[in-house]
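Notes follow once the structure below has been shown.
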Amino acid sequence: MAQPAKVDPMYQFTIKPFAGTEGWEIAGYNIAFTNSALWMGITFVALLVFVLGGMKRELVPGRWQMAVESFTGFIDDMLEANVGKEGRKYVPYIFSLFMFILFANLLGLLPLGLVGVHPFTFTSHFTVTGVLAIISFAIVLIVGFWKHGFHFFSLFVPQGTPWPMIPIIFPIELVSFLVRPFSLALRLFVAMMAGHVLLEVLSSFVIDGTNAGALWGTVVGLPSFLLMIGICALEILVAGIQAYVFALLSSLYINDAENLH
Amino acid sequence: MPQIAQIADTYSSQIFWLLIFFGLVFFVIGRGMVPKVMATVAQRDSQIASDLAAAQAARDQADVEEEAWRKRENENRAAAQALVGDAKAKANADSEKKLAAAQKRIDKKLDEAETRINASRDEAMGEIQSVAAEAAQDIVQRLAGVKVTAASAKSAVKEAMTNV
């Protein structure tokens, strides 16, 4: 009997500190430089290189400049459509958010396992997506209370609500508002983790099926492999969509804070 | 699930490094570079808009000039046509006058010729009458031996000739 492959679909999410950094601490909190932190750094560098390519500031843009400008234009249009003219000042934040998540998702999908390096998708950790969601939510709260003061609470009473309904509507709206950061964080984390787990499970089917002989290789291994190819394409799509959804919802929430109703 | 199993050990490092790198992304790329990229786009857009406006202005100018040229051209053409018409009318009148004068001269000549012809005819007629009268007198004297006065012969000849 062939030896069963030791594919643990969850192993890819393990955080491993680099040797010598396990003990790093600030005020008693461990800040070891982990593989997760490394990929955050790689994401930053890749994004920096990408945007630097668009900094030639030519009047007639080349392809690279065009690509960068189409991303900034995309975020600019999205904020203009959802928030309006005041939305332009959030372009740096939403652009950073969108591109950081997008690059992280895409870099995590790179087939670097072929050369022995293991990409790490830090957006599949809710500690990370949670922090990003909290930052977005904090911006909404700060902007909302800064601009509207306590009037911001009228966000929880939709316009035209009959007054007897207000005591019922208010808590419902409040809860739906407070749930936002969790839904924002969980959506990205779950989507990224599910995709990576699915790919890993299918890859274990391919390996185990092939090891079990030609028959099982054809019946299980081959279809799983074909499915993997399709799901890889789907995952690239999901990487883009989740980054877009995160940025879009952030801008919608910011719109609530900017314009109330 | 390492995300939960490791959370106690790793949350601080995750949050710390995320804040570091996302902060770098935000301040270096988002705040530092994106506005420049967008400024380039805005500059290009305004450049295109101003170029378009300039082109539009030039086109309007050309239209105006063409309109003016067309007007001038039309005026010139009208003036030329008036000149031609004038000359034609003058020439017409001239030739008409000349024709009329020539006609008059011809008419006069015809009249003169006619009167001359008439006079000649009358003269010839008179001569014929007198000759005929003398002949009649002569014939009557020879045939009948009657002497007819010249006057009566003349009147008889006249009568006969008008009956012809």
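The sequence lines fix the lettering, A, B, ..., with proteins before strands; numbering per chain opens at 1.
Between B/Ile29 and A/Phe50 the shortest side-chain heavy-atom distance does not fall below 4.5 Å. B/Val25 is listed as a side-chain neighbour of A/Leu47, based on a closest heavy-atom distance under 4.5 Å. Here the side chains of A/Leu48 and B/Met33 are in contact, with some heavy-atom distance below 4.5 Å. No side-chain heavy atom of A/Tyr29 sits less than 4.5 Å from a side-chain heavy atom of B/Ile15. Contact of the B/Met38 side chain with the A/Asp76 side chain is registered, since non-hydrogen atoms from C-beta on lie closer than 4.5 Å.
Within the 4.5 angstrom heavy-atom criterion, no atom of A/Ile94 approaches chain B. Residue B/Ile20: no heavy atom, backbone or side chain, is found under 4.5 Å from chain A. For a residue to count as touching a neighbouring chain, one of its non-hydrogen atoms must lie under 4.5 Å from one of that chain's; by this rule A/Ile75 does not touch chain B. The contact between A/Phe95 and chain B is made entirely by side chain atoms (from C-beta outward), counting heavy-atom distances below 4.5 Å. When heavy atoms are compared at a cutoff of 4.5 Å, A/Phe100 approaches chain B solely by way of its side chain, counted from C-beta outward. With a threshold of 4.5 angstrom between heavy atoms, B/Ala39 approaches chain A through its backbone and through its side chain. Using a 4.5 Å cut-off between heavy atoms, A/Pro61 contacts chain B through both its backbone and its side chain. Of the atoms belonging to A/Met193, it is side-chain heavy atoms, and not backbone ones, that fall under 4.5 Å from chain B. For a residue to count as touching a neighbouring chain, one of its non-hydrogen atoms must lie under 4.5 Å from one of that chain's; by this rule B/Phe16 touches chain A with the side chain only. For chain A, the nearby part of B/Val28 is the side chain; its heavy atoms alone come within less than 4.5 Å. Of the two parts of A/Gln65, only the side chain, counted from C-beta on, holds a non-hydrogen atom closer than 4.5 Å to a non-hydrogen atom of chain B. Within the 4.5 angstrom heavy-atom criterion, no atom of B/Ile48 approaches chain A. In this structure, no portion of A/Phe71 lies under 4.5 Å from any heavy atom of chain B.
With sequence neighbours excluded, no residue forms a salt bridge (charged side-chain N to carboxylate O under 4.0 Å, His left out) with A/Asp77.
Checking A/Ser36 against B/Gln14 by side-chain atom types alone, a donor-acceptor pair falls below 3.5 Å.
A/Phe13 and B/Gln6 get closest at one heavy-atom pair: O-OE1, 4.2 Å. The shortest non-hydrogen separation linking B/Gln3 to A/Ser124 is NE2-O, 2.6 Å. Heavy-atom minimum distance, A/Ile31 versus B/Trp17: O-NE1, 3.0 Å. Closest non-hydrogen pair, B/Phe26 versus A/Ser96, comes out as CA-OG, 3.4 Å. Minimum interatomic distance between A/Asn30 and B/Asp9 (heavy atoms only, all atoms of both residues): OD1-O, 4.2 Å.
Among A/Glu69, A/Met10, A/Glu25, the residue with the largest count of heavy-atom pairs under 4.5 Å with chain B is A/Glu69. With respect to chain B, the highest number of heavy-atom pairs below 4.5 Å among A/Phe126, A/Phe33, A/Phe122, A/Phe189 belongs to A/Phe33. Taking chain A as the reference chain and counting heavy-atom pairs below 4.5 Å, the highest number among B/Pro35, B/Gly32, B/Ser12 is found for B/Ser12.
Heavy-atom neighbours of chain B within the stretch residues 79-92 of chain A, taken at a separation under 4.5 angstrom, comprise A/Arg88, A/Val91, A/Pro92.
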| query | Where do A/Thr43 and B/Phe21 land on the side-chain contact (heavy atoms from CB on, under 4.5 Å) test, with the steps shown first? | reply | CA-CA 9 Å; A/Thr43 303; B/Phe21 284 118; over 6 Å; no
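The number of heavy-atom neighbours closer than 6.0 Å to OH of A/Tyr11, taken from other residues, nucleotides and ligands shown, is 12 or below. By the 6.0 Å contact criterion, CZ on A/Phe182 is open, its count of non-hydrogen atoms from other residues, nucleotides or ligands being 12 or less. Other residues, nucleotides and ligands place no more than 12 heavy atoms under 6.0 Å from the NZ atom of B/Lys36.
For the atom pair CD1 (B/Ile7) and NE2 (A/His125), the distance works out to 10.0 Å, reported to the nearest 0.5 Å.
A donor-acceptor pair is defined here as one N or O able to donate and one able to accept, closer than 3.5 Å; such a pair exists between the side chain of B/Ser13 and the backbone of A/Ala32.
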